[in-house]
Amino acid sequence: MSSEQEQESIRCLVAKVGLDGHDRGAHVIARAFRDAGFEVIYSGLHKAPEEVVQAAVQEDVDVLGISILSGAHDTLIPKIMDGLEEYGAKEDTLVLAGGVIPDEDREELKAEGVSAVFGPGTSVEETIEFVRENAPER
Amino acid sequence: MSTDEELLEDLLAGEYRALARVISKIEDRAPGYRELVSELYAHTGNADVIGITGSPGAGKSTLVDKLAETYRDRGETVGIIAIDPSSPFTGGAVLGDRIRMASTVGDMDVFVRSMSARGTLGGLSTATADAVKAMDAFGKDKIIIETVGAGQNEIDIVRTADTVAVLVPPGSGDEIQTLKAGILEIADVFVVNKADRDGADRTVQELQDMIQLEGGGGGLGGGGSSDGHHSQEVIDAHDDWDPETDETDEPEGWTTPIVETVAIRGVGVEDLIDEFGAHREYLVDSGEHAEQVRGRYAEEIRTLLREDVHAMLEDELEAAGGVDDLAEAVRQGETDPYSIADDVLDPVETCLEGLETDDRSSGGSSLN
């Protein structure tokens, strides 16, 4: 425990969007983040982009991890990014995408503002390290 | 500093993100958060604050969701603070209450914020109280605090509320016994949720018996009103179902009602809201509300001071060689915790004594 007064903690929203019932990966990430000392808010399944935006804004998360295994990332993620922008939260939220996302789509997502895409086979440690290093300073 | 002023302005103007940021600052204890919160006070006092507590799985989140929905139907805005435990080892937490709050999704006028403890003892109740202030200043009509009712810390949190509902699921006959110790005293309303399940009637009956025993006067707890209760002053301050029994012709006290709900289907939620309203009315009419608020602020002041002193002592501890070395010295049998505490506190005490004599001679008060 640190003796300093400030008690900052990295807050993350782990979100499942759209018609996609596969949440094992999201659960694994949520638990790993928790064990890394982060505060994790889990959205639950089948959330609309607006719901994810609402949660991200209200919870004022540093990191938004979107898990998509349905293939609808090119439509859903831009909607989320637009929503974040609407509330002025796009700039200082680290947005990550995970799940089954083909290589050829990655550039487009990055152009949308996604900081990193973690596909199958990414180690949990790698993801945590990335968050630690890139979580926005506010 | 100016950004904080902007933040405050945005919050008062009703910007969601500003509210979210202010709550984060409160949670982080970021530089300047104190000034921010003290600015907030001028704009508070309009919201009804409701605490919902009960064992895990009692249906708190679901009920809170339906409450929010009903309040919204009535045209009132809602703030929700959902508190979940955090790991004492890593500080990490999974905050899952949001999942159950689906009825009001897409409606930004229901502002849900998940919080968890960060390190310091009692810190969460201060942070909760401050977050309530932020939501109040933002203009929320109703603020709901949801927390697992276990332990003193949780009770402290829920005491931030004007009206406290304790959820008791059916079939928890034995559980009621355990509840007695702490949670029951803080209940202004009992909610038997999942009332469509077997054993609900019995649970209601048991609660009724208990309320009668406590409030009946001639019963077990009726002998001496103040002695019958647990020694914490804090609970006495919030104790509204044992109103001054020394007067025989007592003013109409608050008898804790029992409301049956089936939260998942929204059954009984209207009744519950009516009871909240009735309790609010009772608080204001009986003058207990003023007392409650006063007690709460007194506690806030104490907590703040305690935290400040605690922080000062941490530095002092560091100066004395760090807690690890001191602990090691105790382990080696060289000294003991009491002597160390005396030694660490000594310079502070001398300093304070010096201040007091200064004060007396100069008449000025010197705050650091």
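A, B, ... follow the sequence lines: proteins, then strands. Residue 1 opens every chain.
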**Prompt:** Under a 4.5 Å heavy-atom cutoff, which of Arg11(A), Arg31(A), Lys47(A) has the most pairs with chain B?
**Reply:** Arg11(A)
**Item:** Pick from Ala89(A), Gly44(A), Ser43(A) with the largest number of heavy-atom pairs that fall under 4.5 Å of chain B
**Value:** Ala89(A)
**Prompt:** Where the side chain of Glu59(A) meets the backbone of Ser114(B), is there a donor-acceptor pair that is under 3.5 Å apart?
**Reply:** yes
**Item:** Side chain Gln58(A), main chain Val112(B), donor-acceptor under 3.5 Å
**Value:** yes
**Asked** Is there a side-chain contact between Tyr16(B) and Gln54(A) (heavy atoms, below 4.5 Å)?
**Response** no
**Asked** Looking at side-chain heavy atoms only, is the closest gap between Glu27(B) and Asp60(A) below 4.5 Å?
**Response** no
**Residue Val110(B) versus chain A: region with a heavy atom under 4.5 Å** = backbone
**Complete:** Cut-off 4.5 Å, heavy atoms of chain A, and the answer for Asp84(B) is neither
Exceeds 12 heavy-atom contacts within 6.0 angstrom, atom [atom1] of [X]:
| X | atom1 | value |
| --- | --- | --- |
| Ile264(B) | CD1 | no |
| Leu19(A) | CG | no |
| Glu91(A) | CD | no |
| Lys79(A) | NZ | no |

**Asked** Could you give the distance from OH (Tyr87(A)) to CE (Met108(B)), rounded to the nearest 0.5 Å?
**Response** 4.0 Å
**Asked** Can you tell me how far the CG atom of Leu84(A) sits from the CZ atom of Arg17(B), to the nearest 0.5 Å?
**Response** 8.5 Å
**Asp62(A) portion near chain B, given a 4.5 angstrom heavy-atom threshold** = neither
